[in-house]
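Structure record follows, encoded as structure tokens.
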Amino acid sequence: MPQKPSIPKGTRDFSPAEVARRNYIIQTIKKHFEVYGFQPIETPSFENSDTLMGKYGEEGDRLIFKILNSGDFISKVDDVTYSSKKSSSLLPKISEKALRYDLTVPFARYVVMHQNEIDFPFKRYQIQPVWRADRPQKGRFREFYQCDADVVGANSVLQEAELIQLYDAVFTDLKLVGSTIKLNNRKILSGIAEVIGAQHLLIDFTVALDKLDKIGEEGVRKEMLAKGISELAIEKAAPLFTMSGSSLEQLTQLKSLLGESEIGMQGVAELEEIITTVEAVGLKTANLQVDVTLARGLNYYTGAIFEVSAPEGVSMGSIGGGGRYDDLTGIFGLKDVSGIGISFGLDRIYLVLEALGLFPEHLDKSIDVLCINFGAKESLASLKLISQLRENGIKAEVYPTATKMQKQMKYANNRKVPYVILIGEQELANGEFVAKNMDTGEQETYSMDSIAAFTEKL
RNA sequence: GUGGUUGUAGCUCAGUUGGUUAGAGCGCCUGAUUGUGGUUCAGGAGGUCGUCGGUUCGAGACCGAUCUUCCACCCCA
């Protein structure tokens, strides 16, 4: 036998049972997206490189899968570039396309390209795979699905509140009780950087701050210092390290800290409005929590930032994230279009539901009825019966060959078929069929003329 | 991209300081049971020990490379 085939690192095959479970999650998310008024679009799996490159920071560029040009691409490279052996200068000459890295940037490109056909505010959702040339870990793949909902062309904070409700609705429907939606605002982070005199180091500051729960206050101070933030500045920011209390209490503390920063106060005001709105409407099972250390996410966020973490006890990175971006379409030449979006991480939600045993049982069921095959004449009668069942939307099939009954029953058992139908010589002669309930083992005889009596039981 | 870790039957895993023919449980197949699955009993099949190379009289075990898994960074869903 030749070498066993394999699939690339960080990719997966999905069995029928896994697909059924994934579809269950997707259907749930889709249902709520539509109830909230979002419309689906799809975009190509690969884009022109210049659409993607530079949109996710330096780190992001490294993680984008590049697609090699077609044809004899290497002969078209000039000798100087070729012999320089520098990937950065060689890359644009041999690769002009790349696999999409997320759904937000392609969406911004879509909005700009179709701006004349779109009615704003435009609410779209998109459920498609994305690719990252990352090193895989648990819940971290090189090919995975994002489920995004975005609104562009409206900048009321009502949207923020609605999207928080949407998170709550989806996770409640999935029975994932106790998820936490963390909320922050980029303007608050900017304001703090301004107040402590470290605007130019905003990214370094926020990245370090984000690690607070992981490496502790000492670790964060150390990292900030290493990035060139002065001791005095860090001391000014110190209240952040120990901030606690309810969301509104934290906002009060922020107000005193940010009093001199216009942008910071604006961020606080936005958060306050979002929180009071959400509290007025109420959430079903999710917790909403202000977290000033929340900074993850991409450079293009300008206002609210969201991140959802699984209920306590499940170790999994974030299962969703999003935020407001005021000028994403500006990169592609369309100014003054504010957008806000959230993303659900399908693959991680799957792992969380599995860990907590929250998938409904019926997902395993592939068919409702299996007919035992007793031979040519009998199976013909079975086929007629099955046809009628199928017309009633019942998933049914006849075992294809007349092998031993034991084998057929075992097959039915393994496929978790709830009912097995038997039409043998005896039944055929009497114009009847026997239905066996595979759970209880009980059998009942029905007339071929009145299948309704049977279908009612399903 | 950096450092570490894992790989043995379809699945989960044993396998002693390197020593004859590599094991278990579950699953699968056959029979007890020619019209009845799940439970039970008896028997059976299934492995170039991730791959390639090296050390050795001898390698599943030691060394190197490579692929893969998981983990910590980086970053992120």
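Nothing here was measured: the structure is a model prediction, and the numbers come from that model. Reminder, nothing fancy here: chain letters follow the sequence lines and each chain counts from 1.
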Which base sits across from B/G25 as a Watson-Crick or G-U pair, both distances under 3.5 Å? B/C11
Which value, in whole Å, describes the distance between the P atoms of nucleotides B/G44 and B/G23? 14 Å
Could you give the distance separating B/U69 and B/G25 at their P atoms, to the nearest angstrom? 31 Å
May I ask you to verify if any side-chain N or O of A/Gln137 is less than 4.0 angstrom from the OP1 or OP2 atom of B/C70? no
With a non-hydrogen cut-off below 4.0 angstrom, is A/Gly441 in contact with a base, only sugar-phosphate, or nothing? base
Regarding A/Asp439, tell me which of base, sugar-phosphate or nothing describes its non-hydrogen contacts under 4.0 Å with the strands shown. base
Which nucleotide in the list B/C74, B/A77, B/C71 gets nearest to the side chain of A/Lys138? B/C71
With A/Phe344 as partner, the option from A/Tyr145, A/Phe171, A/Phe144 fulfilling ring-ring contact (aromatic ring centres under 6.0 Å, His included) is A/Phe171
How many whole angstroms separate atom OH of A/Tyr56 from atom C1' of B/C74? 19 Å
So what does A/Asn414 hit on the nucleic acid, given a heavy-atom distance under 4.0 Å: a base, only sugar-phosphate, or nothing? sugar-phosphate
Stacked cation flag A/Arg324 on A/Tyr301, 6.0 angstrom / 45 deg: no
Verify the ring-centre separation between A/Tyr125 and A/Phe33: is it less than 6.0 angstrom? yes
Rounding to the closest angstrom, what is the interatomic distance between B/C26 and B/A9 at atom C1'? 12 Å
Give the rounded distance in Å between these two atoms: CD of A/Gln406 and P of B/U40. 15 Å
For the side chain of A/Arg348, starting at C-beta, report the closest nucleotide among B/A77, B/G38, B/C73. B/A77
At 4.0 Å (heavy atoms only), tell me whether A/Gly317 reaches a base, stays on the sugar-phosphate, or touches nothing. nothing
Base, sugar-phosphate alone, or nothing: which one does A/Gly10 contact when heavy atoms must sit under 4.0 Å apart? sugar-phosphate
Between atom CG in A/Leu63 and atom C1' in B/C73, what is the gap in whole Å? 14 Å
Sticking with atom P, work out how far B/G18 lies from B/G3, rounded to a whole angstrom. 29 Å
Under 4.0 Å, counting only non-hydrogen atoms across every strand here, what does A/Leu422 touch: a base, just sugar-phosphate, or nothing? base
How many whole angstroms separate atom CD of A/Gln408 from atom C1' of B/U36? 11 Å
Just to be sure I understand the rule, does A/Glu425 reach a base, reach only the sugar-phosphate, or reach nothing, if contact means heavy atoms closer than 4.0 Å? base
Rounded to whole angstrom units, what separation is found between the CG atom of A/Asp210 and the C1' atom of B/C73? 14 Å
Taking B/A72 as the reference, what is the distance to B/A14 when you measure between their C1' atoms (whole Å, please)? 29 Å
Measuring only the P atom in each nucleotide, how far is B/A42 from B/U6? A whole number of Å is fine. 38 Å
Centre of A/Tyr101's six-membered ring, under 6.0 Å away, within 45 degrees of the axis: is that where NZ or CZ of A/Arg132 sits? yes
Spacing of the P atoms in B/U51 and B/U8 (rounded, Å): 10 Å
What's A/Phe141 touching, base or sugar-phosphate or nothing? Going by heavy atoms closer than 4.0 Å. base
So how far is it from A/Lys395 NZ to A/Leu458 CG, rounded to the nearest 0.5 Å? 12.0 Å
Students often get this wrong, so: under 4.0 angstrom with heavy atoms, is A/Lys211 touching a base, only sugar-phosphate, or nothing? sugar-phosphate
B/A22 and B/G4: how far apart are their C1' atoms, nearest whole angstrom? 29 Å
When both distances are under 3.5 Å in a Watson-Crick or G-U wobble arrangement, the nucleotide paired with B/C41 is B/G31
Where each residue is assigned the nucleotide of RNA chain B containing its nearest heavy atom, which of A/Ile215 and A/Asn413 is assigned the position nearer the 5′ end? A/Asn413
What is the distance from NZ of A/Lys410 to P of B/U40, rounded to the nearest Å? 11 Å
Assess whether one donor atom and one acceptor atom, taken from the side chain of A/Arg135 and the base of B/G3, lie less than 3.5 Å apart. yes
Closest to the 5' end of RNA chain B, once A/Gly424 and A/Asp134 are matched to their nearest nucleotides, is A/Gly424
What closest approach, in Å, do A/Ile181 and A/Asp168 show between heavy atoms, and which atom pair accounts for it? CD1-N, 4.4 Å
So A/Phe433 and A/Phe454, would you call those rings parallel, tilted or perpendicular, with 30° and 60° as cut-offs? perpendicular
Side-chain N,O (A/Lys404) to OP1/OP2 (B/G31) below 4.0 Å: yes
Which residue is it: A/Val130, A/Asp150, A/Ile127, A/Ile41? I am looking for the one with a side chain to side chain contact (heavy atoms under 4.5 Å, CB included) to A/Leu103. A/Val130
Could you work out which one of B/U36, B/G1, B/U68 sits closest to the side chain of A/Arg62? B/G1
Relative to A/Phe46, does A/Arg100 satisfy both conditions: NZ or CZ under 6.0 angstrom from the six-membered ring centre, and within 45 degrees of the ring's axis? no
Quick check on B/U36: is either OP1 or OP2 less than 4.0 Å from any side-chain nitrogen or oxygen of A/Gln443? no
Is there aromatic stacking of A/Phe144 on B/A77 here, judged by a ring-centre distance under 5.5 Å and a plane angle under 30°? yes
Determine the contact category for A/Gln146: base if any of its heavy atoms lies under 4.0 Å from a base atom, sugar-phosphate if only primed atoms, P, OP1 or OP2 are that close, otherwise nothing. sugar-phosphate
Could you check whether A/Val308 gets within reach of a base, just the sugar-phosphate, or nothing at all, counting any heavy atom under 4.0 Å? nothing
Just to be sure I understand the rule, does A/Gly60 reach a base, reach only the sugar-phosphate, or reach nothing, if contact means heavy atoms closer than 4.0 Å? nothing
Select base, sugar-phosphate, or nothing to describe what A/Lys436 touches, counting heavy atoms under 4.0 Å on all strands. base
A/Glu427 has an atom CD; how far is it from atom P of B/U36, in whole Å? 13 Å
Rounded interatomic separation in angstrom, taking CZ from A/Arg12 and P from B/C70: 10 Å
Remember a base hit wins even if backbone is also touched, and classify A/Ser343 as base, sugar-phosphate or nothing at under 4.0 Å, heavy atoms. nothing
By the Watson-Crick or G-U definition, both distances under 3.5 Å, B/C62 is matched with B/G54
